[in-house]
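A quick note: this is a predicted structure, and the numbers were derived from the prediction, not measured.
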Amino acid sequence: AASDVYKRQRVVGVMWLLAGLLLSGLTGRLARGSYEESLLSRVRLSIMMLDTTEISRVLAPNFRWNWSEGTKQPSGRTLNYGLAPYLADAAAPFRQRLVEIEKANPDIYWSHFVTARQGWLTSAVFSDRMPAVVGIVTPHRPMTLQDRVDWALRAERVEGPMITEWGELVRASSPVIIDGQMVGWLAFDTGASVWASVQAVARLQTFGLTGFCLLYTSDAADEEDSVD
């Protein structure tokens, strides 16, 4: 009889553990989605602070960039920069406006305007809080098929974690539309550690609750067996 009770408790324990793993994975995913949606909602709200005239000035035909020497990151990846002298003055009001957006969102690292230029997905304007940004752009990659699809669909997106010279980042981007035309994304970069911790806390809380229920169930079963 005792062996039967022990076997039954083992089965129940394994089932509780499996349930805990499944539930913790689910709650972690839900927490991640909630955090990303909250971040995207703030990007959408910040787009309302942008000035279409300033954006149009940045996107003028004079905006062209040339490659500069890339810098080697600790990860071994080379971060490429582009020189765009036209933006030194043309983007000045836009850069200051991004400063105001960052003041309203103090938990983010920085905000920037991402667009397609010369076939590349390019961060064209950063705030004045970021060092050495005057006349500097960051070409991230040649426009991929997914980039073009997201552009056509005017899609929001969350990318990352990505390793940069400033550490691991998560990027939330929302489309900027002028006169019905997609012109780019406003992007928020934030620390990947916050993004990861939100999920980790949700998983640990759920698994901890499952463990508590397992102990409670086990104690209750022991008491029942002792009465019998």
Side-chain angles (χ1 to χ4, degrees), residues 40 42-73 77-105 108-160 162 164-166 169 171-190:
L40 285 170
R42 289 194 285 151
V43 182
R44 289 194 294 268
L45 187 62
S46 297
I47 289 175
M48 299 173 63
M49 300 173 62
L50 299 181
D51 186 295
T52 57
T53 302
E54 295 171 359
I55 299 174
S56 298
R57 187 181 300 123
V58 165
L59 296 174
N62 291 338
F63 168 31
R64 307 287 295 176
W65 56 264
N66 297 306
W67 284 110
S68 65
E69 185 175 351
T71 58
K72 202 78 168 179
Q73 298 183 13
R77 176 173 171 263
T78 299
L79 182 64
N80 296 309
Y81 292 98
L83 301 177
Y86 168 75
L87 295 183
D89 294 326
F94 198 165
R95 291 196 301 270
Q96 189 55 44
R97 195 169 296 275
L98 291 177
V99 171
E100 298 303 316
I101 288 175
E102 291 169 359
K103 287 180 180 178
N105 297 274
I108 68 170
Y109 282 12
W110 45 75
S111 58
H112 49 110
F113 176 66
V114 182
T115 189
R117 184 62 51 147
Q118 296 166 232
W120 282 69
L121 187 70
T122 305
S123 285
V125 185
F126 291 90
S127 81
D128 280 334
R129 290 177 58 248
M130 198 170 182
V133 298
V134 177
I136 299 292
V137 302
T138 302
H140 296 291
R141 59 179 178 264
M143 289 284 287
T144 65
L145 177 60
Q146 187 62 56
D147 291 331
R148 297 179 188 278
V149 170
D150 289 345
W151 185 284
L153 296 178
R154 304 175 183 181
E156 294 183 322
R157 54 190 189 178
V158 178
E159 302 173 276
M162 56 187 72
T164 73
E165 61 181 323
W166 302 282
L169 302 177
R171 177 169 299 151
S173 307
S174 191
V176 178
I177 311 295
I178 297 180
D179 296 332
Q181 299 295 319
M182 171 78 170
V183 297
W185 287 275
L186 178 63
F188 280 9
D189 286 355
T190 188

Check: [Y] and [X] side chains under 4.5 Å, non-hydrogen atoms:
X: R64; Y: Y86; answer: no
X: E156; Y: S173; answer: no
X: Y81; Y: T138; answer: yes
X: F63; Y: V125; answer: no
X: P139; Y: Q118; answer: no

How many angstroms lie between atom [atom1] of [X] and atom [atom2] of [Y], to the nearest 0.5 angstrom?
X: L45; Y: S174; atom1: CG; atom2: OG; result: 10.5 Å
X: L186; Y: M48; atom1: CG; atom2: CE; result: 13.0 Å
X: I55; Y: I178; atom1: CD1; atom2: CD1; result: 4.0 Å
X: N105; Y: T190; atom1: CG; atom2: OG1; result: 10.0 Å
X: M162; Y: L169; atom1: CE; atom2: CG; result: 7.0 Å
X: E100; Y: S46; atom1: CD; atom2: OG; result: 11.5 Å

For A172 versus V43, what's the shortest heavy-atom pair and its separation? O-CG2, 3.9 Å

For residues M182 and W151, report the shortest heavy-atom separation together with the two atoms involved. O-CZ2, 3.3 Å

Audit row: F94, L50, side-chain contact (heavy atoms from CB on, under 4.5 Å) steps and yes/no: CA-CA 8 Å; F94 198 165; L50 299 181; 3.7 Å; yes

Option among W185, F188, F126 that satisfies the ring-ring contact (aromatic ring centres under 6.0 Å, His included) test with H112: F126

Using modelled atom types only, decide if a donor and an acceptor are shared between the side chain of [X] and the backbone of [Y] within a distance under 3.5 Å.
X: T122; Y: A124; answer: no
X: D51; Y: T53; answer: yes
X: R95; Y: A88; answer: yes

Show me the pairs that pass salt bridge (Lys or Arg N to Asp or Glu O under 4.0 Å) and involve residues 137-152, at least two apart or across chains. R141-D147, R141-E159, D147-R157, D150-R157

Using the salt bridge (Lys or Arg N to Asp or Glu O under 4.0 Å) rule, collect all pairs that involve residues 110-119, keeping only residues at least two apart or in two chains. none

Pair T115-V183, side-chain contact (heavy atoms from CB on, under 4.5 Å): steps then yes or no: CA-CA 6 Å; T115 189; V183 297; 5.5 Å; no

Kindly write out the residues that satisfy side chain to side chain donor-acceptor pair (under 3.5 Å) with E54, not counting sequence neighbours, or none if the list is empty. R97

Could you go through the side-chain contact (heavy atoms from CB on, under 4.5 Å) check for V158 and R171 one step at a time? CA-CA 6 Å; V158 178; R171 177 169 299 151; over 6 Å; no

Under 6.0 Å from the CG atom of D89, do we count more than 12 heavy atoms belonging to anything else shown? no

Please verify the inter-ring angle class for W65 with W120; under 30° counts as parallel, over 60° as perpendicular, anything in between as tilted. perpendicular

